[in-house]
Protein chains: 2
Amino acid sequence: MRKSREAAAESRRAIVETAAALLRERGLGVGLTEIMAAVGMTHGGFYRHFASKEALVAEALEQALDEKAATLAPQPGRPAREALRDYVALYLSQAHLDHPEKGCPIAALGSEAARSPDSARALAAGAEQLAACFAKDLGGDPIEARRQAVAMLAAMVGAVVIARAAGDSPLRGEMLDAVRADPAFRALLDD
Amino acid sequence: MRKSREAAAESRRAIVETAAALLRERGLGVGLTEIMAAVGMTHGGFYRHFASKEALVAEALEQALDEKAATLAPQPGRPAREALRDYVALYLSQAHLDHPEKGCPIAALGSEAARSPDSARALAAGAEQLAACFAKDLGGDPIEARRQAVAMLAAMVGAVVIARAAGDSPLRGEMLDAVRADPAFRALLDD
DNA sequence: ATTATCTATAGATCTATAGATAATGC
DNA sequence: ATTATCTATAGATCTATAGATAATGC
């Protein structure tokens with residue numbers, strides 16, 4: 001049942017993509033058997049593509065975070081501040097709470113990832129990337145923009161983590177509202 | 001090797017306390033065998049005290065969060081705002097980053113707990129409790145105090161989650177500094 | 001007699017590896 | 001001939017339970 005070189009590369013890509021979604025949905029404890037089954041393969045084939053589960057996890061997180069940062073990249077003819085505004089609005093939305101598998105890996109996996117070095121490194125690199133994009137898009141004094149970018153990232157991640165844990169209690173929506181109404185966020189979102 | 005009723009109650013208390021620390025240190029994946037061994041018992045004795053692992057986890061998280069909220073309780077002859085200031089200063093400290101086992105369960109377990117209903121309920125109840133204490137201690141207009149309390153909680157949790165994932169990169173300290181320097185936090189911390 | 005704890009184990013995971021299979025690519 | 005994938009399995013977990021043991025508490 002061997003596949004062509006091209007098809008094998010596609011298998012690899014599918015494993016990373018599927019892992020990126022399943023990890024965010026179910027956590028770092030999700031098994032290789034389940035990931036491979038979701039791709040349509042058996043777990044035995046895994047080690048032709050990756051050295052270890054940890055290697056896959058790191059690659060999946062990196063890719064997911066790069067995709068997120070890419071949506072913040074400057075687009076010709078569109079103000080950077082607008083791209084940031086849309087990013088923040090989507091981040092602080094019910095849709096984001098409901099779909100961790102497509103959402104921010106830091107919010108979905110932050111507390112667990114801090115305990116496994118490779119995952120932590122991937123998340124930290126992503127956080128740094130996001131903070132740098134935020135600061136650039138905010139503009140103004142670079143030092144204050146950087147500080148505000150880092151503080152905004154903290155508030156966004158914390159709001160989504162707590163709101164998700166809140167289930168369907170009132171705190172769920174209140175978390176999003178309270179952060180959106182904070183001065184720095186209002187200035188951006190009301191633009 | 002049976003123990004007295006009193007000693008059995010002490011065993012139960014020790015299991016909850018040990019679990020509260022180990023869960024925050026190692027995550028929800030920590031095994032009953034390890035928890036019981038840390039208490040000085042074998043895993044076989046566990047089910048005389050608890051119906052399931054999940055029941056222990058919920059109880060351990062509840063207790064840890066109650067302890068946290070208790071440090072915010074009003075003390076005779078001490079301004080509420082001062083208690084809140086100290087709480088926030090400790091929360092946003094290197095010591096808190098370095099000792100998750102004694103720290104905030106929401107920051108230590110937030111993203112994983114969101115996936116297991118009982119744990120999520122415990123964390124959400126704790127978050128609500130903290131938000132209510134914050135709002136009361138902030139004083140002023142109740143609506144705005146509540147909003148600010150919720151937003152501060154989000155920023156604090158997010159900052160600790162990201163800072164812990166950041167390992168020893170510069171982002172670790174920057175996270176704490178950026179949130180501390182945010183207007184609402186400065187107003188409180190500079191008192 | 002009751003019961004807190006222990007030993008032992010069932011049954012279900014999980015990561016990783018070994019060896020077989022069958023299709024690609026030379 | 002090479003190699004992508006599969007089957008099968010080793011070895012190490014993990015939660016939960018069954019039954020034995022021995023000390024408490026009546």
Side-chain angles (χ1 to χ4, degrees), chain A residues 1-61 109 112-113 115-119 122, chain B residues 1-61 109 112-113 115-119 122:
Chain A
M1 305 221 182
R2 183 189 167 200
K3 293 196 172 175
S4 76
R5 217 166 277 185
E6 227 172 291
E10 163 59 19
S11 290
R12 190 184 201 284
R13 201 202 50 72
I15 295 169
V16 173
E17 186 180 297
T18 301
L22 274 177
L23 286 165
R24 279 176 283 183
E25 187 183 330
R26 316 266 302 261
L28 296 183
V30 72
L32 292 180
T33 308
E34 184 176 352
I35 294 171
M36 294 300 278
V39 174
M41 291 172 70
T42 60
H43 62 281
F46 177 80
Y47 292 91
R48 284 276 154 187
H49 296 289
F50 302 93
S52 65
K53 182 191 180 184
E54 182 134 49
L56 167 65
V57 172
E59 190 169 330
L61 295 184
L109 300 163
E112 320 170 56
R115 283 175 224 115
S116 59
D118 289 3
S119 302
Chain B
M1 304 212 181
R2 182 187 167 198
K3 293 196 173 176
S4 76
R5 219 166 274 186
E6 227 171 295
E10 163 59 20
S11 290
R12 190 183 199 286
R13 201 202 51 72
I15 295 170
V16 173
E17 184 179 298
T18 302
L22 274 177
L23 286 166
R24 281 177 282 185
E25 186 183 332
R26 316 268 300 263
L28 296 183
V30 71
L32 292 180
T33 309
E34 184 176 351
I35 294 170
M36 294 299 279
V39 174
M41 291 171 71
T42 60
H43 63 282
F46 177 80
Y47 291 90
R48 284 275 154 189
H49 296 289
F50 303 93
S52 65
K53 183 191 179 185
E54 182 133 49
L56 167 65
V57 172
E59 189 168 333
L61 295 184
L109 300 163
E112 319 171 58
R115 280 175 227 113
S116 59
D118 289 4
S119 303

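Side chains included, hydrogens not; waters and symmetry mates left out as well; all remaining heavy atoms used. Each chain gets a letter, A, B and so on, in the order its sequence line appears, and its residues count up from 1. As the structure is a prediction and not an experimental result, all values here were calculated from the model.
- You'll find the side chain of A:T42 stays beyond 4.5 Å of the side chain of A:M36, heavy atoms only.
- Side-chain atoms of A:T42 lie closest to D:dC6 of the nucleotides D:dT5, D:dC6, C:dC6.
- Contact annotation: the side chain of A:D118 never approaches that of A:V57 to less than 4.5 Å [non-hydrogen atoms, C-beta and beyond].
- Using a 4.5 Å cut-off on side-chain heavy atoms (C-beta onward), A:R13 and A:H49 make no contact.
- To the nearest angstrom, C1' of D:dT15 lies 16 Å from CE of B:M41.
- Distances were taken from every side-chain heavy atom of B:L32 (C-beta onward) to each of D:dT15, C:dT7, D:dT9; the shortest belongs to D:dT15.
- With DNA chain C read from its 5' end, the first of the two nearest nucleotides for A:G44 and A:E34 is the one closest to A:E34.
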Please step through side-chain contact (heavy atoms from CB on, under 4.5 Å) for the pair B:L28 and B:S116, ending with a clear verdict.
CA-CA 10 Å; B:L28 296 183; B:S116 59; 4.0 Å; yes

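- In this structure, B:I35 atom CD1 and D:dT15 atom P are separated by 8 Å, rounded to whole Å.
- Set against C:dC14, C:dC26, D:dT9, the side chain of A:R5 has C:dC26 as its closest nucleotide.
- Classification of B:E112 and A:R115 as a salt-bridged pair holds, one side-chain N sitting under 4.0 Å from a carboxylate O.
- The listed nucleotides are C:dT24, D:dA4, D:dT15; the one nearest the side chain of A:S4 is C:dT24.
- Summarising the geometry, the separation between CZ on B:R13 and P on C:dA4 is reported as 17 Å, rounded to the nearest angstrom.
- Nucleotide D:dC6 holds its C1' atom 10 Å from the CE atom of A:M36, rounded to whole Å.
- Closest to the side chain of A:Y47, out of C:dC6, C:dA4, C:dA16, is C:dA16.
- Side-chain contact between A:F46 and A:T33: absent, with no pair of heavy atoms (C-beta onward) separated by less than 4.5 Å.
- Residue B:H49 is classed as a sugar-phosphate contact, given heavy-atom separations below 4.0 Å to backbone atoms only.
- Looking at the side chain of A:R48, the nearest of the listed nucleotides D:dC14, C:dA16, D:dT5 is D:dT5.
- In this structure, A:E54 places its CD atom 14 Å from C1' of C:dA16, rounding to the nearest Å.
- Between A:L32 and A:L56 there is a side-chain heavy-atom pair separated by less than 4.5 Å.
- Rounded to whole Å, the distance from CD on B:E10 to C1' on D:dT24 is 17 Å.
- If you check every strand for non-hydrogen atoms under 4.0 Å, A:S11 touches sugar and phosphate atoms only.
- Within 4.0 Å (heavy atoms only), A:G31 reaches sugar-phosphate atoms of the nucleic acid but no base atom.
- Between the P atom of C:dA4 and the NZ atom of B:K3 lies a distance of 12 Å, rounded to the nearest Å.
- B:S52 comes within 4.0 angstrom of the backbone, heavy atoms only, and of no base.
- Put simply, CZ on A:F46 is 18 Å from C1' on D:dT3, counting in whole angstrom units.
- Helical stems involving DNA chain D, defined as 3 or more consecutive Watson-Crick or G-U pairs under 3.5 Å, span C:1-24 with D:1-24.
- Side chain of B:A8, nearest nucleotide from C:dA16, C:dA4, D:dA16: C:dA4.
- Look at B:R26 and B:E34 and you find a salt bridge, because one of the NZ, NE, NH1 or NH2 atoms lies within 4.0 Å of a carboxylate O, short of that distance.
- The nearest heavy atom of DNA chain D to B:E6 and to B:K53 marks one nucleotide each, and the one closer to the 5' end goes with B:K53.
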